[in-house]
Amino acid sequence: KNIAIFASGAGSNAQKIIDHFKHSDMARVTLILCNKPGAGVLQIAEKEGIQAILIEKEPFFHTDHYVKLLQQEQIDLIVLAGFLWKVPANLVQAFANRIINIHPALLPKYGGKGMYGHFVHEAVISAGEKESGITIHYVNEKYDDGATILQERCVVLPEDTAASLAQKIQLLEHTWYPLIVERLLS
Ligand code: GRF
């Protein structure tokens, strides 16, 4: 099975997923799509010898260029890992129930456009939440809105900062995302 990862940032989740399938013959990451020149995930692709494509806004939102490319590459599952653009309807429809995302909070709270990275953790802390966590979900035409696949929780302590909470959340992401990808493909 072929996995395509969409990412905009450091790519730590991408790295964990790549590593997870290194010793498996059931699936592998064959494509990385990125919308940010210079993003860390592009260095990971280079190091791992995985084809990386820098996506352009215009064709991404107004043509079938990438839908056709992903179909030609026989992609079975699209994994968003820190991808900050909304997925256009044509791609959601072409890959119905085959696009997943991970969000660093317990949706439906603390989701939506602009809620990513430390903004999420700051909002959780300033709201006085006693717990946070991750949400892995199917992607539909709206931000952070598709059916939930898995949620995992962690405590939020009074002394937690956005940085310390991010660390706990990242550990959950790195632990669970590869396992969910494997489960969905098997
Ligand atoms: C993670 O917080 C993830 O939950 C969110 O974007 C971030 C990606 O981090 N979707 P990385 O680029 O995988 O390190």
Side-chain angles (χ1 to χ4, degrees), residues 3-22 29 31-48 50 52-55 60 77-88 91-92 95 98-125 127 129 131-156 160-182 184:
I3 301 162
I5 295 179
F6 285 38
S8 306
S12 72
N13 279 285
Q15 183 69 67
K16 292 294 175 188
I17 293 167
I18 292 163
D19 291 346
H20 183 82
F21 290 99
K22 267 184 184 145
V29 177
L31 206 52
I32 289 179
L33 285 84
C34 180
N35 63 324
K36 291 266 310 269
V41 71
L42 292 171
Q43 270 83 32
I44 291 173
E46 168 114 23
K47 167 175 65 94
E48 299 290 348
I50 295 170
I53 295 171
L54 202 51
I55 52 180
F60 187 66
L77 184 68
I78 295 172
V79 178
L80 308 188
F83 184 65
L84 297 183
W85 285 353
K86 197 149 52 114
V87 177
L91 187 52
V92 171
F95 285 84
R98 294 193 294 154
I99 309 178
I100 63 173
N101 182 45
I102 188 166
H103 182 74
L106 297 172
L107 293 176
K109 293 174 78 175
Y110 309 107
K113 187 169 172 52
M115 283 305 272
Y116 62 91
H118 67 279
F119 299 114
V120 179
H121 308 311
E122 275 166 4
V124 165
I125 289 169
E129 300 286 357
E131 62 175 17
S132 188
I134 59 169
T135 304
I136 299 173
H137 64 92
Y138 287 106
V139 168
N140 63 21
E141 281 86 351
K142 290 183 229 129
Y143 270 109
D144 300 329
D145 181 64
T148 297
I149 297 170
L150 175 82
Q151 287 194 316
E152 288 294 330
R153 285 163 161 68
C154 64
V155 292
V156 181
D160 265 318
T161 62
S164 63
L165 181 51
Q167 231 171 8
K168 289 189 252 191
I169 296 284
Q170 197 168 64
L171 187 60
L172 289 175
E173 294 173 348
H174 294 175
T175 302
W176 290 101
Y177 214 8
L179 293 175
I180 289 297
V181 170
E182 180 173 344
L184 291 177

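The basis for the numbers below is simple: all heavy atoms, side chains too, and nothing from hydrogens, waters or symmetry mates. Fair warning: this is a prediction, and the values are worked out from it, not measured in the lab. Whatever order the structure lists them in is the order used to number ligands and atoms, beginning at 1.
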Legend entry - Nearest-0.5 Å distance that lies between atom CD1 in Ile17 and atom CD1 in Ile5: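 Rounded to the nearest 0.5 Å, the CD1-CD1 separation comes to 4.5 Å.
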
Inset, instruction - Nearest 0.5 Å please: distance from the CZ atom of Arg98 over to the CG atom of Leu184. - result: 12.0 Å

Inset, instruction - Run the contact test for Gly11 against ligand 1 with a 4.0 Å cut-off on heavy atoms, strictly below, and give the result. - result: yes

Inset, instruction - Please check if any side-chain donor atom of Ser132 sits under 3.5 Å from a side-chain acceptor atom of His121, or the reverse. - result: no

Inset, instruction - Before accepting this row, confirm whether a basic side-chain N of the pair Lys16/Glu173 lies closer than 4.0 Å to the acidic partner's carboxylate O. - result: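 No, this pair does not count.
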
Legend entry - Side-chain touch Tyr177/Ile134, heavy atoms, less than 4.5 angstrom: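 No, every pair of side-chain atoms sits at 4.5 Å or beyond.
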
Legend entry - Sole candidate of Leu91, Ile100, Val139, Val92 that passes side chain to side chain contact (heavy atoms under 4.5 Å, CB included) when paired with Ile78: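 Going through the options one by one, the only one that passes is Leu91.
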
Legend entry - Atoms in ligand 1 with a heavy atom of Pro104 nearer than 4.0 Å: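 The list of qualifying atoms is 2 (O), 4 (O).
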
Heavy atom of the protein closest to [atom] (residue, atom name, distance):
atom: atom 14 (O) of ligand 1; answer: Ser12 OG, 2.5 Å
atom: atom 9 (O) of ligand 1; answer: Asn13 ND2, 3.8 Å
atom: atom 8 (C) of ligand 1; answer: Gly82 CA, 3.5 Å
atom: atom 1 (C) of ligand 1; answer: Glu173 OE2, 3.3 Å

Using a plain distance cutoff, I'd like to know if [X] has any nitrogen or oxygen under 3.5 Å from a nitrogen or oxygen of ligand 1.
X: Phe83; result: no
X: Ile102; result: yes
X: His103; result: no
X: Asn101; result: no

Legend entry - Step-by-step side chain to side chain contact (heavy atoms under 4.5 Å, CB included) determination, Ile99 to Phe6: CA-CA 10 Å; Ile99 309 178; Phe6 285 38; over 6 Å; no

